[in-house]
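Quick notes on the structure that follows.
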Number of protein chains: 2
Amino acid sequence: MAAKRPAADDGQAARTDGAVAPQPRGSVMRDVARLAGVSHQTVSRVLNEHPNVRQETRRRVLEAMQALNYRRNLAARTLVTRRSGTLGVVGLETTLFGPASMLYGIEDAARTAGYFVTVASVRTLERRSVLEAVDRLCQQSVEGIVAIAPKPAVTNALVQVPSGLASVGVGGGADDDAVPTVRIDNAAGARLATQHLLDLGHSTVHHVAGPPDWPEARERVEGWRGTLYAAGAPVPPVEPGSWSAQSGYEQGQALARDPAVTAVFCGNDQIALGLLRALHEAGRRVPHEVSVVGFDDMPDSGYFLPPLTTIHQDFAELGRRSLTVLLDQIQHPGDRPADHVLLSPELVVRASTAPPRA
Amino acid sequence: MAAKRPAADDGQAARTDGAVAPQPRGSVMRDVARLAGVSHQTVSRVLNEHPNVRQETRRRVLEAMQALNYRRNLAARTLVTRRSGTLGVVGLETTLFGPASMLYGIEDAARTAGYFVTVASVRTLERRSVLEAVDRLCQQSVEGIVAIAPKPAVTNALVQVPSGLASVGVGGGADDDAVPTVRIDNAAGARLATQHLLDLGHSTVHHVAGPPDWPEARERVEGWRGTLYAAGAPVPPVEPGSWSAQSGYEQGQALARDPAVTAVFCGNDQIALGLLRALHEAGRRVPHEVSVVGFDDMPDSGYFLPPLTTIHQDFAELGRRSLTVLLDQIQHPGDRPADHVLLSPELVVRASTAPPRA
DNA sequence: CGCTAACTTGTGATCGGTAACAACTGGGGT
DNA sequence: ACCCCAGTTGTTACCGATCACAAGTTAGCG
């Protein structure tokens, strides 16, 4: 028997002193098979829960695996099955609350479904770096790609993905029909916020927007503007900004000087935080003189001064849903049109909004 | 030539209609070799930048790779080299600012070093779930594991890692010498904060701590307490809490009622946020009546009301340094004692601290 | 008792790379 | 002219799993 693999043992010994030490080798299927007194194929059957294995044999194999602390080699399995059991995530290198939460939602759902997750983060959302990230994931032979995709460059890059590879964009805007997406209804969220302020009696609502090149920000602007139109309220101008508290603070300083401003809807909670500070410094009290609404419902926004009324979106759920879509694609690789899942955000009323002073 | 691989084309056709479609196969090394008119081994040499390949040959191979859009199959490479080029991260499923930042720091450094990153997140820090996560990563045959390790259960689980596998804990406490760690000097940070307040003239400093079962929280308590001792200041009692704004708010309500409280050091910035709200609601002005210091320097804390004086720690750097340690272990697998890297945090003075009122 | 069907198990090929070794080139030194 | 060595390329075995197929075993049934 040993004669069949002449180089096995000797070769192993002869290989010492390599430049970079290879991983120490654990036991492999052959070892388990030998210990259990069966063929390697039977071990494989037990592992893959093939029905036609005698109970007694299965027990022996499982015992041998236990005894040898056997772990199946995924590389070998991947090589032959062409299925890696791995999904890729293209993530933006940011600590914005949303993206981070989505990542964990995705990982959680992937684990439940029996998949591994590898991350390729990009520092910028340029087309080139996204393509590079996708390429890295393809090398890993991932079975599908989730792109945390706030900007079109990302989903566009997905279109270039080698044909047949499943993909989904999560949490961005809706600008490309070719790639399935899962996102929240930003316009609806903006409408909720704006209408809430109008309903309180404000004659109009100002808006401090996120970066204009982010579709999410644009959709929120449109929802806000549409609501004002529908109500016949004047539409104040919008200045370009970023997602940061600093941006909210800077624009807030200007708004605070304008006594006509009684209600402000912010592109996200961080902007709202900056705005609150600017209003406070200018001596304008919230919500008595100015009402403020945010977007995202970060864990902290209930503890702002005052606690922030905002639009809640469930990032973890977004991550989970994106995985549902992705797995569906993997299992039924029909080329029917990409689906677009749209989740509804909710208004959370806290203490930063009130009717305008008479 | 074709006779050598009789099943290649026919087998492919016969395999249609499998239950789950395997990945569509791209071109492989053999295809590139054929197109370039060389052997597959030469292609391998070009790929691995082996020096002894004629310039002209290399050019032809590269062209062929380009033309066929060739991508090397990492599973095959891993199988034979026993090196996966992948590192594993055990991450806590949380959106705390710190862990999320570290993840990106790690991924960034890993990419630079030519490694992939796969994530295994855990929902709780129990020993069992951490072990399970480590096991998942081992299956992936990662070459090293970074554990975002705020609690000892995590680093302890690392000790159980199959011998020879490199590992490092990042960002937790220092309670186990067996596993290398990279973390910031929490006690030193706490001393900075406390001393800052004492230097302003406060007769003592109160503390709202993080969860007592987190070493990080405990180290901060010790740093604070030690500084008070050294200054001969009375040491107020510490209540158990969590890292959340809610915890800060609840404990803040009690502190706000006590007129003897003029300076508070918080376990992190979120706690400080809650505390600020409690003080505000109780009508105690910050910093004029009460000074507050946080810990972490989240991006938003400069926009709290008032802007928060806090201890800055560089999470991304923490992630990068952990990778340095890990790669060092991989390249020099000597069994010398584990190193422990300790980064120094910095005091950032903003507007939430001032001398006590006369 | 023989025969087929279902269950169980083993054998050999294969996935796509890399490692080891052999074979073939073309100078440079004596 | 000869040898040797370095540079270049090809051949073959191998990593550790799965798959297809064959072979042996048991059971059911006329």
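Note on naming: letters A, B, ... go to the chains in the order of the sequence lines (proteins, then strands), and numbering restarts at 1 for each one.
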Name the residue closer to the 5' end of DNA chain C, choosing between A/His40 and A/His50 according to the nucleotide with the nearest heavy atom. A/His50
What's the CG-P distance between B/Leu79 and C/dC15, to the nearest Å? 14 Å
Could you tabulate the donor-acceptor pairs under 3.5 Å formed by side-chain atoms of residues 125-134 of chain A, not counting sequence neighbours?
residue: A/Ser129; atom: OG; partner: A/Thr124; partner atom: O; Å: 2.9
residue: A/Ser129; atom: OG; partner: A/Thr124; partner atom: OG1; Å: 3.4
residue: A/Ser129; atom: OG; partner: A/Glu126; partner atom: O; Å: 3.1

Whole-Å distance separating the CZ atom of A/Arg83 from the P atom of C/dG16: 16 Å
Is any side-chain nitrogen or oxygen of B/Thr42 closer than 4.0 Å to OP1 or OP2 of D/dT8? no
Regarding C/dG16, can its base be found pairing with the side chain of A/Arg82 as donor and acceptor, where the two atoms are less than 3.5 Å apart? no
For the backbone of B/Leu92 and the side chain of A/Tyr104, can you confirm whether one donor and one acceptor N or O come within less than 3.5 Å of each other? yes
The helix from C/dC1-D/dG30 to C/dT30-D/dA1: angle between terminal helix axes, five bp per end, to the nearest 10 degrees, reads 50°
Does D/dT18 have OP1 or OP2 under 4.0 Å away from a side-chain N or O of A/Asn48? yes
Record whether the side chain of B/Arg45 comes under 3.5 Å of the base of D/dG10 through a donor-acceptor pair of N or O atoms. yes
Okay, side chain of A/Ser44, backbone of A/His40: is any donor-acceptor separation there less than 3.5 Å? no
Rounded distance in Å - CE (B/Met29) to P (C/dT14): 20 Å
Strictly below 4.0 Å: does A/Tyr70 bring a side-chain N or O up to OP1 or OP2 of D/dG16? no
At under 4.0 Å, does any side-chain N or O of A/Arg72 touch on OP1 or OP2 of D/dT18? yes
